[in-house]
Amino acid sequence: MASAADLDIHHTAYLGPDGEPLQALPESLSAPESLVALYRDMVFARLFDTRAIALQRTGRLGTYASLLGQEAVGVGVGHAMRAEDVLLPSFREHAVQLKRGVQAEEIYRYWGGDERGSDFAGPKEDFPVCITVGGHTPQAAGVALAFKLRGEPRVAVCVMGDGATSKGDFYEGLNAAGVWQLPFVCVVTNNQWAISTPRREQTAAETLAQKAIAVGIEGEQVDGNDVVAVAAVVGSALAQARAGRPALVECLTYRLGDHTTVDDASRYREDAEVSAAWQRDPVARLRLYLTNQAGWNKDREQALLAECEQAIERAVEAYLETPPEPVGSLFDFLYERLPEPLAAQRKALLGGDRG
Amino acid sequence: MASAADLDIHHTAYLGPDGEPLQALPESLSAPESLVALYRDMVFARLFDTRAIALQRTGRLGTYASLLGQEAVGVGVGHAMRAEDVLLPSFREHAVQLKRGVQAEEIYRYWGGDERGSDFAGPKEDFPVCITVGGHTPQAAGVALAFKLRGEPRVAVCVMGDGATSKGDFYEGLNAAGVWQLPFVCVVTNNQWAISTPRREQTAAETLAQKAIAVGIEGEQVDGNDVVAVAAVVGSALAQARAGRPALVECLTYRLGDHTTVDDASRYREDAEVSAAWQRDPVARLRLYLTNQAGWNKDREQALLAECEQAIERAVEAYLETPPEPVGSLFDFLYERLPEPLAAQRKALLGGDRG
Amino acid sequence: MATVAEVNLLGAVNLALKRAMTEDERVIVFGEDVGVDGGVFRATDGLLQSFGPKRVLDTPLAETLIAGLAVGLAAQGFRPVAEIQFMGFIYATLDQMINHASRLRTRTRGRLTCPMVLRAPYGGGIHAPEHHSESTESLFAHVPGLRVVIPSTPADAYGLLLSAIRDPDPVVFLEPKRLYRQVSEPVEDDGTGVPLDRCRVRRAGSDITLVSWGAMMHETLAAADALGADGISSEVIDVCTLKPLDTATILDSVSRTGRLVIVHEAARTAGFGAEVAASVAEAGLFDLKAPVLRVTGWDTVMPLPRHESAYLPDAARIVEAARRVMAYD
Amino acid sequence: MATVAEVNLLGAVNLALKRAMTEDERVIVFGEDVGVDGGVFRATDGLLQSFGPKRVLDTPLAETLIAGLAVGLAAQGFRPVAEIQFMGFIYATLDQMINHASRLRTRTRGRLTCPMVLRAPYGGGIHAPEHHSESTESLFAHVPGLRVVIPSTPADAYGLLLSAIRDPDPVVFLEPKRLYRQVSEPVEDDGTGVPLDRCRVRRAGSDITLVSWGAMMHETLAAADALGADGISSEVIDVCTLKPLDTATILDSVSRTGRLVIVHEAARTAGFGAEVAASVAEAGLFDLKAPVLRVTGWDTVMPLPRHESAYLPDAARIVEAARRVMAYD
Ligand SMILES: Cc1ncc(C[n+]2csc(CCOP(=O)(O)OP(=O)(O)O)c2C)c(N)n1
Ligand SMILES: Cc1ncc(C[n+]2csc(CCOP(=O)(O)OP(=O)(O)O)c2C)c(N)n1
Ligand SMILES: [Mg+2]
Ligand SMILES: [Mg+2]
């Protein structure tokens, strides 16, 4: 019988947890400036996240899903994508959204309970976050099909968690990508947990990458705490996808924080596991590399932090100063033109004393 | 990258299309009597099928899905199962239902538009046929979980077509079997077509067996026109499943008939393909083997045919003579006890002039 | 180049699909067996031949996928027309339809939109196998952001489907399969759409208002005939666009007749007939001279063919209800 | 060994689950994060510890699976109680619930049955993220063969859940999450169930009937208080069992008050309020002195938290509607 145990799922890593290179870095990512740029994006994402949690704790943001520990996946994927590609992110992929050009204040707006947060000015065709786990996979297949039918060299990139790979819609969407050889890359941010459910309870498959085999597409694993590996492998996957060979890339990382701000992860997982995971912190890892190999130092670090903090501060201000949206908006985007039978309801809403 | 092309999916066959043995038959199936018994069941299933189509053509049966060409799968699976196992069949699996002890007249009743056809006296815990493609897979996982929780050495056997393997519920059910190591065997009757959609348009996976890899369970292929191979491989899979190792078995066969009696397969497939498939006819194959190796002859064949025809004739008569079910039955099985608010509707129905 | 052809409802659907694909190359058609086979009912017959494999696609057997593909394609500017083979298999699309299709515009404040059509044959009356005769239109009618359309004549099937495809928002388009081949009429293939939020007065009348849709329209018209023979004048309204519901037309009729019977084949409880009745109980109560009756499928599972006729409303049941209503004055 | 504890609705659910699991070992609980975590709202807190991993199972993240498992287990004689984490993720269960759970008994003429409970928190009012505040109970209420139950008090949550678990047929049990921690009351843990097809008269009154369920019950009671201060006596009915609907209790009340306002937070069109209104327009029309009004969520997508309060009905909107109804005589 064929069994997963026989499989040789390819695993890629460039930087060890201590920041030491495990192999020569890919040419496109070996220049210090490009790595510094990635480092900046990871730091920015982390600050964005810290600030989001603080806003939530002080009642100025709604329930929020922290990206802590997953910065390398988002930044690596965002780096690998072209502007004209389309991203379909799940709810924890702020890092890749930011890298794609969604503004921090827009993301805050969304998590602050304001639909305008998904009307971002940046990557116009990117999807809003998908809250229904896995639901964006068949949609991504649709986007990829659109590219293929129009003959455009663009890729639909669908990013989701390990839990999502248990969903039927994940499988159906991926299967379509295989059948039609769509320009589709599925990135699985395997952070080892789906709320309280550990990765091993999602599936008996030894890797999530091997789920690709069920649909006849390529699948591989990368060290998701190594931004170089993510950028490189997702980069190759994108190149292949552009040529009609879809792929699944599993990024091994860890959710360092709670599931969301209403979760308490200490109920279901050991502190020791979390501490161990901190040893693989993607941000520290790249900093170590830059320090050892590219003259990164305290001054540059502080300058970077200051720059990022200022940018986040401006975003927070912009967010907090956003004027409220008129309540008529409940009806204004329901249909292109509000059908006659609904006009009375809109009027009743506006006539109400809460308008 | 790991790719399906690297896989070595195991394929089993014992009898060649010409009835010549390709390898020594498994001990349990080498005695002529056991093969004659399987042959009888295959002939019976085919006659059942021929008669069903005739009944439909003459307005005495509803739309019907023919099993023609797939006799070896059903009979092989049925042979491998124990009485206490539970079958969850799709709509074309009359052969295995018959083998399980569902009466031919009961199956006719069902396809004749009478719910009582699914209230069969035989395998009391077997499920009615699943019309919603793939929908029985998570149910089968539930049945298997029941066995596991009670510590019973029984297996849930879920039989479906190639098309079903594109469904999310198929994948979700199979994945659960893997996670919980359920006593679950999934048999895919790959008859190469899902209505007009050929197997290659369902998935880019080279085999359907490899879908097992996505969920970390065993998967293999058998020649589904070779009843010995089906019985043997499904038999081993059942033994393993009883020990908590679920499996997927893909049976390669061919749908020799139309999709159903309302379909016209000549719209979408070549006669040549069908003719070629007839060369692999599972019934003829076993007959050839028995003739060459076990002294099967015209007399025995005719005696067998006569016996089966008589049995089918009795079933048809029993079916046609079934007294109509009172229309109150619309309400009588909706809940265990009809809730008060529905009593008026039942009364209105019975008061109507069609009662 | 308007040609007039005598077509049945199925032919009208086919005609509209061809017209839409000809006039707008963003329109693409997909689903299970819609290509070479032309759909199990032949609604998409000839499309693959005329428009090629980039515009007519057979999908893998997966309904959630079909709906999700439509969302993705629509967001990308296509005008997907997706077919679900039977309404009994449509439930796997609900997650996509409710959580995504219906609200992509709202969620993104108009940045992304979802101009898709989800077509499916629905309803009973053709002695189909289990799960092939379902009428669950009210599930979709409850979902804000969707439109739900059900034609009952070839001409409307043509015009409503064209409007549905051209509409910038998601439309669930349900085709009463019992009528596919039952009636034909001349349909002018001139590309004229039928408005999407307007009930149709199929027959003017003064004594009682009969409201229905889909295959039940024809039973309702038959009932109106029978009542007419007794001197009872029925106004017959076809709710061909369930959502948004044009209550004005219904209320106007009831204001004149004072009597209302609603007919649908779906199960009664929380069927769409309840919405029609509730609308009148709210805005037309004082016009009513008699209770509002619903003639519907029972609150039972749709039976297999042997008992199908015991389940489905027919003209006799409608006449009976109408007479009960007429007994009040 | 009946103990009385002061519990909130969440606690009552937890108590009922424990009681049911203690009294019947066929009862098993599963869903996403129901084990170690005790459910995201803690409804299943402590169950894993008390009953062990063979009776409390975390499933993979897959709702269709969860429903299908329940069908399989139920057919095998278990009494599965499956949790869907939020109602917004329940749609993937509809195929199993409609095509299988609701009709396994009918399909097999009683040979196999489906005594399962599908639990889910539902409704808005807690400023939850997108897709976490949905109220789509009417989808389930339309399905023959299902029961739909919605408690609005801790005591009812306890008694109704026990009855739901003991019921030999599939029950969809929706828990108004806004009430989970809002109110507490003493609940006697004596294993007494509450009948499954009976509306509850929460408050007797003579001028107007207010009908509601779930979290809106409390807005409705607040409205009744406000109306009472003005000398208007409201009879308040809690439709804690939507399906089958006990129309008798509602009709009886309307026969005395002549006025009816229905309140629910789901979108209006084809919401379950329509069924209530339609039932009265059919069987209680001549009792009505005023139009039947529905105070409901708008026919819009449930908004994100900023606009949640503009969407949800509140006591003020109910009072306003009641006054309009009272203006008729
Ligand atoms: C279809 C669906 N079911 C359940 C939920 C509730 N839920 C939100 S996040 C989550 C876990 C997701 O895990 P994973 O896919 O690994 O993503 P992560 O949270 O780790 O980023 C669950 C169960 C949901 N949002 N959607
Ligand atoms: C969920 C669902 N979608 C669509 C259909 C309509 N349908 C009936 S059989 C069939 C093809 C099934 O193909 P396969 O699984 O290979 O089984 P086979 O018919 O070959 O036995 C389709 C699409 C259905 N019954 N259920
Ligand atoms: Mg995760
Ligand atoms: Mg097949």
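Just so we're on the same page: letters track the sequence lines, and every chain starts at 1.
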Checked D/D58, D/D299, D/V301 vs chain A; the most non-hydrogen pairs under 4.5 Å come from D/D299
On a heavy-atom basis, the closest approach of D/L61 and A/A194 is CD1-CB, 4.4 Å
A/P326, part contacting chain D, at a heavy-atom distance under 4.5 Å
backbone
Quick one: of A/I131, A/V262, A/T165, who has the most non-hydrogen atom pairs under 4.5 Å with chain D?
A/I131
If you count heavy-atom pairs under 4.5 Å with chain D, which of A/A65, A/G163, A/G134 comes out on top?
A/G163
Worked check of salt bridge (Lys or Arg N to Asp or Glu O under 4.0 Å) between D/R306 and A/D114
CA-CA 6 Å; D/R306 296 270 161 138; A/D114 183 337; 5.1 Å; no
Gap separating the CG atom of A/D264 from the CG atom of D/D37, nearest 0.5 angstrom:
8.5 Å
Contact check, side chains of A/I195 and D/E32, non-hydrogen atoms, under 4.5 Å
no
Should A/R267 and D/D45 be marked as a salt bridge (Lys or Arg N to Asp or Glu O under 4.0 Å) after you check the CA-CA gap, both sets of side-chain angles, and the distance that decides it?
CA-CA 11 Å; A/R267 285 176 67 89; D/D45 201 24; 2.9 Å; yes
Please check: side-chain N/O of A/E115 versus main-chain N/O of D/P303, any donor-acceptor pairing under 3.5 Å?
no
Under 4.5 Å between any side-chain heavy atoms of A/T197 and D/D33, yes or no?
yes
More than 12 heavy atoms from other groups under 6.0 Å of CD on A/E273
yes
Could you give the distance from CG (A/L349) to CH2 (D/W298), rounded to the nearest 0.5 Å?
5.0 Å
Looking at A/D271, I'd like to know if its CG atom is crowded, meaning that more than 12 non-hydrogen atoms belonging to other residues, nucleotides or ligands lie closer than 6.0 Å.
no
Under 4.5 Å from a heavy atom of chain D, the part of A/T203 involved:
neither
Contacting region of A/L342 [heavy-atom separation from chain D under 4.5 Å]:
side chain
Determine whether A/Y110 and D/E130 make a side-chain contact, defined as any pair of heavy atoms from C-beta on separated by less than 4.5 Å.
yes
Mind checking whether D/P60 and A/E201 have side chains closer than 4.5 Å, heavy atoms only?
no
Could you go step by step and tell me if A/T63 and D/H132 meet the side-chain contact (heavy atoms from CB on, under 4.5 Å) rule?
CA-CA 11 Å; A/T63 302; D/H132 285 68; over 6 Å; no
In the structure I gave you, are the side-chain heavy atoms of D/L65 and A/K167 within less than 4.5 Å of one another anywhere?
no
Using every non-hydrogen atom in the two residues, find where A/G113 and D/L304 come nearest and quote the distance to one decimal.
O-CB, 3.3 Å
Can you tell me how far the OG1 atom of A/T132 sits from the CZ atom of D/F89, to the nearest 0.5 Å?
7.0 Å
Non-hydrogen atoms of A/V327 and D/A310 that approach each other most closely:
CG1-CB, 3.8 Å
